[in-house]
Amino acid sequence: MAALVTHRRFGGAYGGVSAQSLESCGLRDDVLAGSSACRDGVGELAVGISAVVAVFQLVLDVIALATATVRRRWVRIGVAARYCAGFVAVTLSSYAVMQAIRVPEVRNVTIGIKGLPEEFEGYRIVQLTDLHISRLFQADWVETTVTLANEQKADLVVLTGDLIDGDLQARRRDVAPLSKLEARDGVYVIPGNHEYYFGQHAWMKQFEELGMTRIDNGHVVLSRGKAELVLAGVNDLSAENFGLPGPDLAQALSGAPERAPVVLLDHQPKRAREAAGKGIALQLSGHTHGGMIVGFDRLIATFNGGFVSGLYDVDGMKLYVNNGSALWIGFALRLGVPSELTVITLKREG
């Protein structure tokens with residue numbers, strides 16, 4: 001399996017958050033892009049920090065209980081130990097918050113595709129997913145991320161769902177910079193579960209007005225001379241909960257050139273084995289946020305068909321699960337699982 005992954009940082013460790021915002025959080029970096037994430041999302045950030053502090057205190061209690069059971073006498077946790085655990089928890093969770101809200105790293109991934117036409121050798125796709133544009137990830141953060149995406153000079157830009165958190169009226173200004181995304185073969189979008197939570201019809205129409213091409217259980221054919229590559233997309237699994245059409249891979253592939261390799265956009269990775277059975281060459285997904293925290297990723301994988309982050313070979317099909325360019329505002333923490341703006345380069349294989 002051909003796979004080469006490299007990384008590049010952008011704008012420092014806290015890229016995408018303004019110096020003024022960082023000062024309000026006790027941090028400073030003069031080279032950062034602008035955002036009011038820390039100030040405007042303080043409630044959500046406080047929830048994340050409080051959760052980590054609570055976990056650390058609970059761990060202390062579990063250790064004390066285990067020790068008491070072994071020694072058969074009560075073990076008292078000293079005040080100093082409580083304060084020490086609290087300090088470590090606050091420090092670690094503050095770092096995790098800053099990792100969560102920065103502009104994503106550029107991650108370069110090379111993927112080998114069987115049957116890829118020679119004309120598409122080196123074809124570059126920028127994947128953005130799980131932007132979760134909200135009061136935590138506002139217009140300035142989006143603007144900086146879009147600029148970074150355009151700097152990659154990709155052939156194609158795809159957005160694989162969960163672009164927003166909030167209704168159109170509240171987030172219209174924040175999504176506006178997405179209109180500046182550009183690529184030789186265009187910008188394509190599919191819905192994620194959060195589009196359905198906040199009005200899928202209105203949001204997908206808005207994305208079209210911003211210059212994106214939506215794919216709803218359908219496909220487009222990309223050409224280089226006589227060579228063809230199919231880009232297909234399916235609706236999210238959550239659609240059926242709202243009385244709307246769910247993912248239909250058969251419909252998405254209907255009428256597609258039989259010999260052209262297919263790149264499938266599916267927000268959730270859990271149906272990858274079904275896609276592999278349909279002869280898909282490459283599936284691009286998000287949804288999992290990479291598990292957000294090392295160790296926690298194993299739990300997240302169990303709810304997503306065993307897939308959580310990175311490149312997989314699924315019965316001969318390549319599956320790439322993106323860590324997410326941002327994450328859900330309700331759990332804004334990352335430890336050891338960085339956000340990413342993914343540049344995928346296609347190579348011929350076999």
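Nothing fancy with the numbering, it's 1 onward along the sequence. The structure presented is a predicted model; accordingly, all values stated were derived computationally and were not measured.
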Discussion item. Counting only heavy atoms from other residues, nucleotides and ligands, does the tally under 6.0 Å from CD of E118 exceed 12?
Written reply: no
Worksheet, complete the sentence: Output for pair (L284 CG, I125 CD1), nearest 0.5 Å, gives 6.0 Å
Item to complete: Rounded to the nearest 0.5 Å, what's the gap from CG on L222 to CG on L229? Could you check?
Response: 5.5 Å
Worksheet item: Is the backbone N or O of G306 less than 3.5 Å from a side-chain atom of N304, with the two atoms forming a donor-acceptor pair by type?
Response: no
Item to complete: Give a yes or no on whether the backbone of A149 and the side-chain of Q152 come within a donor-acceptor separation of less than 3.5 Å.
Response: no
Worksheet item: Can any side-chain N or O of Y312 pair as donor or acceptor with the backbone N or O of V308 at less than 3.5 Å?
Response: yes
Worksheet item: Does R124 use its side chain to pair, donor to acceptor, with the backbone of D155 at less than 3.5 Å?
Response: no
Practice prompt. Give the intermediate values and the outcome of side-chain contact (heavy atoms from CB on, under 4.5 Å) for residues L346 and F120.
Written response: CA-CA 7 Å; L346 304 184; F120 283 94; 5.6 Å; no
Item to complete: Mark yes or no for whether T145, through its side chain, and W141, through its backbone, hold a donor-acceptor pair below 3.5 Å.
Response: yes
Worksheet, complete the sentence: salt bridge (Lys or Arg N to Asp or Glu O under 4.0 Å) filter on D174, not counting sequence neighbours, yields R171
Fill in: Under the salt bridge (Lys or Arg N to Asp or Glu O under 4.0 Å) test, residues paired with R172 that sit two or more places apart
none
Item to complete: Can you measure from CG (L163) to CE (M204) and round to the nearest 0.5 angstrom?
Response: 8.0 Å
Worksheet item: Between S223 and G225, is there a donor-acceptor pair closer than 3.5 Å when you use the side chain of the first and the backbone of the second?
Response: no
Worksheet item: Same hydrophobic cluster for F307 and V294, using side-chain heavy-atom links shorter than 4.5 Å among ILVMFWY?
Response: no
Item to complete: Indicate yes or no for a side-chain donor-acceptor contact from D162 to the backbone of H194 under 3.5 Å, with no hydrogens or angles considered.
Response: yes
Worksheet item: Under a 4.5 Å side-chain heavy-atom rule over Ile, Leu, Val, Met, Phe, Trp and Tyr, are L168 and F198 clustered together?
Response: yes
Fill in: Side chain proximity check, I190 to D216, heavy atoms < 4.5 angstrom
no
Item to complete: Decide side-chain contact (heavy atoms from CB on, under 4.5 Å) for V158 and L231; before the verdict, give the C-alpha distance in whole Å, the side-chain angles of both, and the deciding distance to 0.1 Å.
Response: CA-CA 10 Å; V158 297; L231 178 69; 4.3 Å; yes
Worksheet item: If you group Ile, Leu, Val, Met, Phe, Trp and Tyr whenever their side-chain heavy atoms sit less than 4.5 Å apart, what else falls in with L237?
Response: none
Worksheet item: To the nearest 0.5 Å, what is the distance between CG (L319) and CG (L311)?
Response: 7.5 Å
Item to complete: May I ask whether V337 and I293 are part of the same hydrophobic cluster, defined by side-chain heavy atoms of I, L, V, M, F, W, Y residues being less than 4.5 angstrom apart, directly or through others?
Response: no
Item to complete: Step by step, work out the side chain to side chain donor-acceptor pair (under 3.5 Å) result for Q138 and R135.
Response: CA-CA 6 Å; Q138 296 185 357; R135 62 181 177 271; over 6 Å; no
Worksheet entry | With sequence neighbours excluded, residues passing salt bridge (Lys or Arg N to Asp or Glu O under 4.0 Å) with K153 | none
Item to complete: Report the C-alpha separation of D266 and S285 in whole Å, then their side-chain angles, then the decisive distance to 0.1 Å, and conclude whether the side chain to side chain donor-acceptor pair (under 3.5 Å) test is met.
Response: CA-CA 5 Å; D266 188 345; S285 298; 5.3 Å; no
Practice prompt. Could you go through the side-chain contact (heavy atoms from CB on, under 4.5 Å) check for V126 and L341 one step at a time?
Written response: CA-CA 7 Å; V126 161; L341 185 159; 4.0 Å; yes
Item to complete: Any pair with a residue in residues 238-279 that passes ring pair (Phe, Tyr, Trp, His ring centres under 6.0 Å), sequence neighbours left out, goes on the list, sorted by first then second residue, please.
Response: H267-H287
Discussion item. So which atom in T288 and which in P269 form the shortest heavy-atom distance, rounded to 0.1 Å?
Written reply: CG2-CG, 4.1 Å
Item to complete: Among residues two or more places apart or on two chains, list those pairs meeting salt bridge (Lys or Arg N to Asp or Glu O under 4.0 Å) that have a residue in residues 177-199.
Response: E143-K180, D185-R224
Worksheet item: Run the side-chain contact (heavy atoms from CB on, under 4.5 Å) check on Y320 and T342 step by step: do they pass?
Response: CA-CA 10 Å; Y320 187 79; T342 315; 3.7 Å; yes
Discussion item. For the backbone of P338 and the side chain of N323, can you confirm whether one donor and one acceptor N or O come within less than 3.5 Å of each other?
Written reply: yes
Worksheet item: Which residue pairs pass the ring pair (Phe, Tyr, Trp, His ring centres under 6.0 Å) test with at least one member in residues 151-188, sequence neighbours excluded?
Response: none
Worksheet item: Got a sec, which residues hit salt bridge (Lys or Arg N to Asp or Glu O under 4.0 Å) with E208, two or more places apart in sequence or on another chain?
Response: R214
Practice prompt. Scan for salt bridge (Lys or Arg N to Asp or Glu O under 4.0 Å) pairs involving residues 286-295, sequence neighbours excluded, and state none if there are none.
Written response: none
Practice prompt. Could you tell me whether the side chains of Q127 and T129 share a donor-acceptor contact shorter than 3.5 Å?
Written response: no
Discussion item. Donor-acceptor pair, distance only, cut-off 3.5 Å: does the side chain of D248 make one with the backbone of Q251?
Written reply: yes
Worksheet item: Can you tell me how far CG of L249 sits from OG of S254, rounded to the nearest 0.5 angstrom?
Response: 11.0 Å
Item to complete: Give, for atom NZ of K347 and atom CG of L116, the distance between the pair rounded to the nearest 0.5 Å.
Response: 10.0 Å
Worksheet item: Does H289 offer a backbone N or O that forms a donor-acceptor pair with the side chain of D130 under 3.5 Å?
Response: no
Worksheet item: Can you name the side-chain hydrogen bond (donor to acceptor under 3.5 Å, both in side chains) partners of E240, sequence neighbours left out?
Response: none
Worksheet item: Is any side-chain N of the basic residue among R259 and E228 closer than 4.0 Å to the acidic one's carboxylate O?
Response: no
Discussion item. By the salt bridge (Lys or Arg N to Asp or Glu O under 4.0 Å) test, which pairs, at least two apart or in different chains, include something from residues 321-344?
Written reply: R107-E340
Item to complete: Mind jotting down which residue pairs meet the ring pair (Phe, Tyr, Trp, His ring centres under 6.0 Å) criterion with at least one end in residues 205-231? Sequence neighbours excluded, please.
Response: W203-F207
